[in-house]
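Just the heavy atoms: all of them, side chains too, but no hydrogens, waters or symmetry mates, feed the values below. Residue numbers begin at 1 in each chain, while the letters A, B, ... track the order of the sequences. Note that the structure is predicted; figures quoted are calculated from it, not measured.
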Amino acid sequence: MATFLCVEHISKRFGGVIALADVSLEIEHGQIVGLVGENGSGKSTLIKILSGVYTPDQGVIYIKDHHYKRLAPIQAIREGISVIYQDFALCPNLSVAENIAIARWVFSGRRMINWRHVYQEAEKALRQITDQIPLEAEVGQLSAADRQIVAIARALLEQAQLIIMDEPTTALTEKEIASLFTILRRLREEGIAVLFVSHKLHEVKEICDRIVVLRDGRKVYDGAAAEADIETLQVYMTGRVVEPVKLAAHPPAGEQLPLLRAKELTLKPHFSGITFELRRNEVLGITGLLGSGRRELALALIGVLRPTSGEIEIEGRRVKIKHIWDAWKLGIAYVPEDRINEGLHLPCPITANVILPSLPRLSGTLGFFNYRAHRNLGERWRRELGIKAPSAETPVRNLSGGNQQRVVLAKCLATEPKILVLNSPTMGVDVASKAAIHRFIRALCEKGIGIILISDDIPELLQTCDRILILKRGRIAHRLYSHEVTETLLHKMLMEE
Amino acid sequence: MPNFARRLLGRHEVILFGIVIVISIVIGVFNRAFLSLATIFEILRGAIPFALMGLGILPVLLLGEVDISFVGVAATTSLVAHTLLHDMGYAGGIGGYILIALPLGAAIALMVGLISGVFRLPVFAVSLGFWLMLYGFNLFFISPEMRFDLPEGLVGFYNHFLIKVQDPIVGETGLHVAVVYVLFAAVAIWVVLRHTVIGRGFYIMGGNREVAVRTGYNLVKLLCVAMAVNGALAALAGVLQCAYKRFFDPILFRGAELYVIAAVVIGGTSITGGRGSVIGVLLGVIFVQVITRGLIYLGVEPTWQQFVVGCMLVIFFILTSLRARLLGGLSGRSGLTRGEGK
Amino acid sequence: MKRQPKSGESRFTFSHVGLAILERRSILLLGLLVAILFAFGTTTPRFLSYPMFRVITSQCAEIGLMGLGMGLAWMINGVDLSVNDTANLSALTAALTLKHFSSRGSVALGVLLLSYLIALLTGLLCGMLNGILIGYLDVPPILATLGGMTLYRGISIAVTSGRAVAGLPPQVAIVGRGTMFGVPVPFIIFLGIYAAMYLILNHTTFGFKARMVGINARAAYFSGINYRRVIMLVYVVSGLLSSLAGIIIMGRTRSVAYEYGTQVYIVFALLITNLAGVSAGHYGITAAVLATLTLQVLSTGFYSRFMTLPGGPFFNNFLWGLFLVAVLVFAQLLKRARAKE
């Protein structure tokens, strides 16, 4: 097949940091290319260069027969390159039809809008993909999957030859991912190329024809998807063979009182009849696909959501967790999944972040409190967790993802919790930090903290958890001891209907 | 089409219209005189300036900005137009006033838009400054007193009715000719917002700023257009009101900005941008008029008007917030920003 | 990575809280204050005199208290437009209490204190309504306080039928016009509030929480901070400060009117906030106080210059409006220059 796009020897640096070094890439018509790499590997820089947002320092971009030293965003669109960002870039307050067709209408330079034409065009583009979404529906009311389809339809209408999808499956359930893949295969038949940017290797392997791996701004692998196995890709991505943390012998299920007991927790439609126990010195993994209720269950344990029925007991005592501050008071600490928006105050120093959940303990009489008196606390945690920063007064914004996650952990540990609930703690963290966090979780559990780990990362679950619960459609489908299962088996159990 | 019917009934405008009807009937039960053609015309007449100003701030609110300088613009433009025309010995009708006031209003408001757009300041703060500046300007530089010296052509404007009715209580009254201006403005704004590329830009910018910029819209340009429209319509409202009241007032509409914003917000316009309609604005204005006029018919002192409008607003906030919470579940934890755009 | 609104601009000063008095903005304002004093001192006869000092210090408290309240709201990404109308309504409830209990134009000390208590209670309730709307019902702050402002002014108009309440007993003037050791009482109150606010913001958990909520309310929530209550308390404090301003206004003018200071005082409060450089999570109280003094000196200076003109106060309004726009633009340019640095 003919080559649609070809970039040669692209380099880009920001200040002293090399984001991309001498990367070459070719995409043919009707080819689905997977672009994988860890955070900071240069994936997003490459996307931005291809869509004309950044100008490369060196290198040339060929699109069909044109060649560009620098590509303007408008040229990229005219050449048929369309990017679908993670947030889909849609207007929630407008109809599906308008979201699909309006940009093209504006680009055409017209001043008036012919709604009949807008609807016709939108319909034509949307019906290529699906019959399910009504054109006049408001986009804000649609599910994430439907919004993504709207974004794809918009790209089709703009006569995209290459659709770049940035982490397209993050917000989708397994079923929705399957139908997205069907759509992508249909696009491939029509000769449209797709650049599928993701860090989920099994998805990339399933859908892509070719896989390109970036690491530290360099292309380290480029080959047919059929020839690459996931372990090899992992090594290319991380640059090393990661030693899995050896799980310590399973702690005896003693007669001691469970640390936490959940009885018949129900919050419809998210989950129902959830019963489990968490013991001291134990890491309990809770997993399930997106939409299985694992996220909601985690939020219910810490009082963000309120179960409509069921009980929670801590050390044999029935407790009511109505708000998240009740959870903190009862000794349940929480590591949120969205580190940037929910976990940290980016402009604030490490100390301020660390002491925030411990405020009730630190406050003196009448709520008096002296920030400076607690600076040693920040310093202590900085050293204890090995956070790489000149001092505890460094703003968290200046830290790397892994170090930021350590600050979040320090926040929790500073409250001396009995139970630690971790929601996807290693998402977007580099491999070294990931391993360190896993080791750390194990060490904490040795110290007697009960840990609940919510994750969809199968190796992570197997490496760190003693027991694993698998949720399906809001119910516990499997209860496993992690030494009894293998990765493939767990993956199969997760995926089966 | 039960689905269509349900969607129609779920619309804010339809609910509001129903409430207006119910309230009117309730007031009518207590005082029969309220349900007469004369009252309806009276309410429509009272709604004219508010409807014009409400239509004017609609595009601004769609962008997610709040303006309050428009009342000052109305006062200044009408007073300046009058002073200029009076000095020239103008004896004509409303036309000359509109000819001067409209462009002037657009220009002043454009200045507010330009300053906030170029320096990326919230329109609200800048417009507060202009509000004070414009009234200060009127009182100091033009005239601290009301001016009753109307030109001949304008004297008869107040009882220029399209339809005349004889009412046992009010006497001769009717549908005032200025309603035509409102209709014209409403249709024009509707066409712009619904059928032009720039009009859709307000909604797109209010919905998702990034999309708007990527599509090729320019925030400063849109803001300037919105403010110019706002200023022009406010100027029109000012001139019509003065002509009707038969005097030009340096503190015209001072304090009325609260009523206009209340009406527009009750009409379903979101001040965080992207939501609002012409019909909603008109209904919101009628709603506030019915309430404030209705109070008089119920024998309540006019000094209670503002209190009642304040209560209405607060009740409206509580109801919409509860409705959003019921519909949106527990996930929505908004309200964390100042609410002056994104 | 989504950028948090406003968080990019906030300068965090936890690490040198003790030196906050010597913060850059305060030095700038102090310089400005001295320059303005010098300018008026050389051009206006008897400007740098004790009577003038008394005028300035006794008048700055009202705008300063409202400004401090506004700044607090601004710090948590909010705004409180109802400060002035809260002040007037509070003063009104106090005045009505006094009228009710006074005999032959004089009241007992107990009644006076009771009336102040009622005024503060009114301010607390006004602030609480704002706080509930913003913190618990997620109404955008501009809209919520605009609604509150309409309501509070509406109550004042309805209760007084739009007339001013005058002829208050002479005892109220102690707070408005009295002096202690030559220093006007309002100024002493203002300095007391300054000290209290300084303590609250920098040395209490509430202050710390409020700043963290201002920077990222969502993250504060997940750290177990009841951010809705923090938001409400902030508006309650703002309401209390406004009612204190109302008490002082009532004492100084010995009357209460629903339209006293309408709009001009909001502009002053916004000016103080912007001059002091308040931003999300960052609030230099010292800078706010210096900004208040600067504004009051300017105001008194203008007043003494333009009062001789016919319609002088109107010209003042014109100038204040212009000044607000200029300060907004200037502050923005300053911020940009600093971001480039």
Side-chain angles (χ1 to χ4, degrees), chain A residues 44 86-87 299 302-304 323-329 332-349 351-360 362-364 366-375 378 391-397 401 408 411-412 415 423 428, chain C residues 1-20 75-77 135-136 195-230 233 237 279-283 338-339:
Chain A
S44 35
Q86 260 174 309
D87 60 354
L299 294 179
I302 55 158
V304 174
H323 299 283
I324 189 166
W325 36 94
D326 298 335
W328 284 97
K329 253 177 244 154
I332 305 176
Y334 177 64
V335 175
E337 53 187 331
D338 182 349
R339 191 171 53 230
I340 304 296
N341 292 307
E342 295 176 348
L344 292 168
H345 288 78
L346 291 181
C348 302
T351 310
N353 276 286
V354 168
I355 62 179
L356 189 60
S358 315
L359 275 188
L362 300 177
S363 136
L366 294 169
F368 279 108
F369 155 85
N370 187 352
Y371 174 81
R372 285 202 293 171
H374 301 297
R375 268 157 60 177
S391 85
E393 297 312 303
T394 315
V396 173
R397 184 194 281 137
V408 180
K411 273 171 82 163
C412 295
T415 62
N423 196 349
Chain C
M1 207 193 302
K2 250 198 209 153
R3 217 174 71 89
Q4 280 293 307
K6 288 264 168 191
S7 65
E9 289 92 31
S10 84
R11 289 152 293 130
F12 225 72
T13 48
F14 281 134
S15 37
H16 43 86
V17 158
L19 299 175
M75 186 188 76
I76 60 160
N77 281 316
Y136 288 93
M197 286 279 283
Y198 187 88
L199 215 59
I200 288 173
L201 267 178
N202 297 317
H203 294 282
T204 66
T205 44
F206 171 68
F208 184 69
K209 281 185 206 166
R211 303 171 79 170
M212 296 303 261
V213 167
I215 287 167
N216 183 346
R218 209 174 158 77
Y221 169 74
F222 277 101
S223 303
I225 304 299
N226 190 344
Y227 75 95
R228 293 186 184 274
R229 195 168 67 192
V230 170
L233 282 176
V237 172
S279 62
H282 174 90
Y283 188 6
R338 194 166 283 169

Legend entry - Interface moiety of A/Ile332 toward chain C, non-hydrogen atoms closer than 4.5 Å: neither
Legend entry - Top contributor to chain C interface from A/Ala373, A/Ser363, A/Ala333 [non-hydrogen pairs under 4.5 Å]: A/Ser363
Inset, instruction - Please work out whether the ring planes of A/Trp325 and C/Tyr221 are parallel, tilted or perpendicular, with thresholds of 30° and 60°. - result: perpendicular
Legend entry - Nearest non-hydrogen partners of A/His345 and C/Asn216, listed with the distance: NE2-O, 3.1 Å
Inset, instruction - Determine the sole option in A/Pro357, A/Ser358, A/Cys412 for which the side chain to side chain contact (heavy atoms under 4.5 Å, CB included) test with C/Ser223 is passed. - result: A/Pro357
Inset, instruction - Evaluate the side-chain proximity of C/Phe222 to A/Asp338: yes if any heavy-atom separation is below 4.5 Å, no if none is. - result: no
Inset, instruction - Please tell me if the side chains of A/Leu359 and C/Lys209 come closer than 4.5 Å, counting only heavy atoms from C-beta onward. - result: yes
Legend entry - Contact leader toward chain C among A/Leu344, A/Val335, A/Ile302, where contacts are heavy-atom pairs under 4.5 Å: A/Leu344
Legend entry - Region of C/Ile200 that comes under 4.5 Å of a non-hydrogen atom in chain A: neither
Inset, instruction - Locate the shortest heavy-atom distance separating C/Met212 from A/Cys348; write the atom from each residue and the value. - result: SD-SG, 3.8 Å
Inset, instruction - Verify side-chain contact (heavy atoms from CB on, under 4.5 Å) between C/Asn202 and A/Tyr371, making sure each step is shown before the conclusion. - result: CA-CA 8 Å; C/Asn202 297 317; A/Tyr371 174 81; over 6 Å; no
Inset, instruction - Identify the two heavy atoms, one from A/Asn341 and one from C/Arg218, that lie closest to each other, and give their separation to 0.1 Å. - result: O-CB, 3.6 Å
Inset, instruction - Compare all side-chain heavy atoms of C/Leu199 with those of A/Phe368 and state whether any distance is below 4.5 angstrom. - result: yes
Inset, instruction - Could you pull out the closest heavy-atom pair between A/Ile324 and C/Gly224, with the gap in Å? - result: CG2-CA, 4.2 Å
Legend entry - Flag side-chain contact, heavy atom, 4.5 Å: A/Leu362 against C/Thr205: no
